[in-house]
Amino acid sequence: MADGKNTAPQEYTDEQLQYVYENRRYVGTKETVGFVLWDAAQSFNINAEQSRFITNIVRIDLRYQAIVGTINGIWDIINDIFSAAIVEKTRTRWGKFRPYLLALAVPGCIFSILYWCMPFLFGGKSAMDFGKFFFYLILQIIMEGVGTFQSIARTGLMSTITPHPSDRLRLVTIANFASGTFGEKLPQQILSVILDLIDNNMISKGSREKQFLAAFVGMGVFTTLVSSGMSMYFFMNSRERIMQSTHSPSVKNSIKSIVNNKPVLLMTLSDFLGAFSIGGSKNDYYTDVLHFKSMNIVAGIPAAPLSPISYAFVPWFRRHFSSRLLYIVTSQITNILYTGVFFIGCIGVNFKNFQGGVYRKTWIMMVVMMVQEVIWTLFYGLRSVISTEIYNETMDYCEWKNGYRTEAMTSVAKGLAAKLARVFSNLISTLFKSYVGYDQSAYTQGTEQPDYVKFYLFAMFTIIPAVTGALGIIPMLFYDLDGKKKERMYADLLKRRQEASEKASVGERHDAELEAPVSK
């Protein structure tokens with residue numbers, strides 16, 4: 001691909017501009033199956049329980065957790081910059097991104113297993129034990145380093161696996177549809193049922209603490225091994241189909257390509273403002289207030305049939321509505337619905353002593369959450385696809401405007417501002433949980449949290465994130481990569497890529513002729 005900017009607009013027929021909507025396929029069946037498995041592997045885990053695992057099972061003091069979160073957050077920001085610069089310079093016969101996914105798959109698996117085995121390594125140690133704290137800190141730093149390379153490479157591979165937007169949309173839609181339909185979250189659901197049985201003293205074998213320990217460690221190690229195997233299958237059978245520029249862009253040009261990429265700047269600002277959202281865990285509410293962790297499963301039953309159906313409308317919505325509108329609606333639907341849940345749950349609360357209230361009544365809240373899940377699921381297909389696709393559009397815009405792609409630096413820049421804000425918001429969330437008097441031993445000992453702590457846990461997953469994260473929608477109001485502008489961009493890119501492919505073919509034939517033996 002020749003380096004250079006799109007300086008002069010070209011004229012295209014209506015048929016040429018419709019290229020962006022054509023049903024073209026570059027990715028075969030085997031690679032598509034691998035892509036689906038890889039996508040499922042991203043959520044085939046029990047990572048939603050990491051906070052409870054560290055807080056109640058490994059039992060690391062909340063103030064120590066705040067220190068680890070802050071240090072790791074700062075390291076994450078520094079590490080992102082260097083990692084992106086390294087990946088951006090990479091040019092190999094296997095591609096720009098696949099080498100990192102292949103090389104780090106096994107180390108990532110090993111470190112994840114060590115994480116879930118921490119209770120065995122530090123059994124009987126107090127929450128303030130320095131050795132346990134230090135091991136957790138170092139392990140988090142290492143895992144963050146490995147995870148950064150994997151995340152950058154994963155995002156880059158997503159944008160280069162196929163040159164056509166419709167083919168890319170097809171892959172993302174199929175993967176999300178298959179994952180949502182065939183139980184990608186099954187490990188989390190199984191663990192929720194097991195933890196409920198233990199929490200309500202319905203399993204008699206062994207002590208309560210040992211039962212919790214076996215459940216977390218067993219499911220953590222199992223899902224790590226399975227998801228790593230699914231990912232490796234895809235890494236071995238995938239390809240990068242978008243040619244990178246012959247010479248890798250300098251760090252200066254990479255940064256410049258971000259600064260003059262208006263869509264990326266707007267998404268970055270949106271992520272930054274949205275990351276100031278301070279919130280808690282819905283699982284904490286279900287577990288510590290209702291003692292019904294399986295509410296996640298039960299509340300989702302009425303909505304389950306709607307999940308596959310929601311994907312059927314994605315192509316129609318993509319054609320008739322702007323990416324900007326779809327992104328804003330899908331990014332804010334959760335906050336809108338949880339605001340309603342909060343006000344319903346507050347009915348009957350005595351705010352002098354925080355006793356009473358609908359939010360503590362399991363059966364009423366089950367109905368409320370069922371309604372919330374049904375409405376949310378109607379947007380599930382769009383929500384699953386649009387955030388990935390809008391990022392891929394901004395990468396194509398970078399190639400269109402600058403003549404080269406900077407997936408690594410752009411993905412880091414996009415997340416860097418958000419991470420800065422998230423370090424602050426996570427610190428506040430963790431310290432405030434300690435400030436209100438959350439009892440870390442109550443879960444395994446079978447005792448209750450104070451009434452005001454229960455109300456705090458409810459508010460922290462409903463109204464507080466909605467209020468603190470609402471500013472994120474403002475920058476996206478100015479996103480304009482839609483309509484004729486997007487159609488012209490893809491028509492230009494099609495022409496450039498065809499020319500680059502023809503040039504590369506001529507060069508290969510010429511090299512072959514030079515290397516051929518001369519007959520005498």
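Just so it is clear, the model here is predicted, and its values are computed rather than measured. In this chain, numbering begins with 1 at the start of the sequence shown.
Of all heavy-atom pairs spanning N237 and Y233, the tightest one is ND2-O, 2.7 Å. Looking at every heavy atom in both residues, R59 comes nearest to N56 through NE-O, 3.6 Å. Heavy atoms only, all atoms of each residue included: A215 and I198 are closest at CB-CD1, 4.3 Å. Closest non-hydrogen pair, G108 versus V146, comes out as CA-CG1, 4.1 Å. Pairing each heavy atom of W75 with each of G145, the nearest pair is NE1-N, 3.9 Å. The minimum heavy-atom distance between P263 and Y397, with the atom names listed, is CD-CE2, 3.8 Å.
Atom CD of residue E144 and atom OG of residue S83 lie 9.0 Å apart, to the nearest 0.5 angstrom. Here CD1 of I57 is found 13.5 Å from CD of Q50. Values are rounded to the nearest 0.5 Å. Of the inter-residue distances, the one linking L104 atom CG with I110 atom CD1 reads 11.5 Å to the nearest 0.5 angstrom. Remark: T160 OG1 to E399 CD distance equals 10.5 Å, nearest 0.5 Å. The distance from atom CG of L266 to atom NZ of K262, rounded to the nearest 0.5 Å, is 6.0 Å. Note that the CD atom of Q150 and the CG atom of L157 stand 12.5 Å from one another [nearest 0.5 Å].
No side-chain heavy atom of I60 sits less than 4.5 Å from a side-chain heavy atom of T55. R383 has its side chain within reach of W376: a pair of non-hydrogen atoms, C-beta onward, lies under 4.5 Å apart. Side chains of M230 and F234 form no contact here, defined as non-hydrogen atoms less than 4.5 Å apart. Residues Y338 and F461 meet the side-chain proximity criterion, which asks for heavy atoms closer than 4.5 Å. Within the 4.5 Å cutoff, side-chain heavy atoms of Y490 are placed close to those of E393. Residues M232 and L102 meet the side-chain proximity criterion, which asks for heavy atoms closer than 4.5 Å. With a 4.5 Å cut-off on side-chain heavy atoms, S310 and L378 do not count as touching. Residues I473 and Y327 have side chains not in contact (no heavy-atom distance under 4.5 Å, counting atoms from C-beta outward).
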>> salt bridge (Lys or Arg N to Asp or Glu O under 4.0 Å) for E240 and R91? Distances and angles first, verdict last.
In response: CA-CA 12 Å; E240 296 178 32; R91 298 290 187 275; over 6 Å; no
> Would I190 and L186 satisfy side chain to side chain contact (heavy atoms under 4.5 Å, CB included), going step by step from the backbone distance to the final call?
Replying inline: CA-CA 6 Å; I190 292 174; L186 188 60; 3.8 Å; yes
> Please walk me through it: do Y479 and L481 pass side chain to side chain contact (heavy atoms under 4.5 Å, CB included)?
Replying inline: CA-CA 6 Å; Y479 186 90; L481 187 55; 3.7 Å; yes
>> Set out, in order, the CA-CA distance, both residues' side-chain angles and the distance that settles side chain to side chain contact (heavy atoms under 4.5 Å, CB included) for W94 and F235, then state yes or no.
In response: CA-CA 10 Å; W94 300 282; F235 300 157; over 6 Å; no
>> Between K282 and M295, does the side chain to side chain contact (heavy atoms under 4.5 Å, CB included) criterion hold? Intermediate values first, please.
In response: CA-CA 10 Å; K282 180 170 63 176; M295 175 82 90; over 6 Å; no
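Judged purely by distance below 3.5 Å, without hydrogens or angles, the side chains of N283 and T287 never pair a donor atom with an acceptor atom. Between the side chains of N296 and S192, no donor-acceptor pair of N or O atoms lies under 3.5 Å. In this structure, a donor-acceptor pair under 3.5 Å is absent between the side chains of N45 and S227. A donor atom on one side chain and an acceptor atom on the other are not found under 3.5 Å apart for Y64 and K132.
Among L325, V314, L326, I328, the one residue that satisfies the side-chain contact (heavy atoms from CB on, under 4.5 Å) test with I386 is L326. Remark: of the listed residues R324, K485, K486, K485 is the sole one forming a salt bridge (charged side-chain N to carboxylate O under 4.0 Å, His left out) with D480.
In this structure, the side chain of T377 does not engage the main chain of Y380 through any donor-acceptor pair within 3.5 Å. The closest donor-acceptor contact from the side chain of R98 to the backbone of A153 lies at 3.5 Å or more, if one exists at all. With hydrogens and angles ignored, the 3.5 Å screen pairs a side-chain donor or acceptor of E31 with a backbone N or O of R239.
Taking the six-membered ring for Trp and the full ring otherwise, the centers of F122 and F135 sit less than 6.0 Å from each other.
Among residues two or more places apart in sequence or in another chain, the side chain to side chain contact (heavy atoms under 4.5 Å, CB included) test is passed with I113 by C109, C117, V221, T224, L225. Taking the ring-ring contact (aromatic ring centres under 6.0 Å, His included) definition, one finds that F53 meets it with Y115, W116, F216, sequence neighbours left out.
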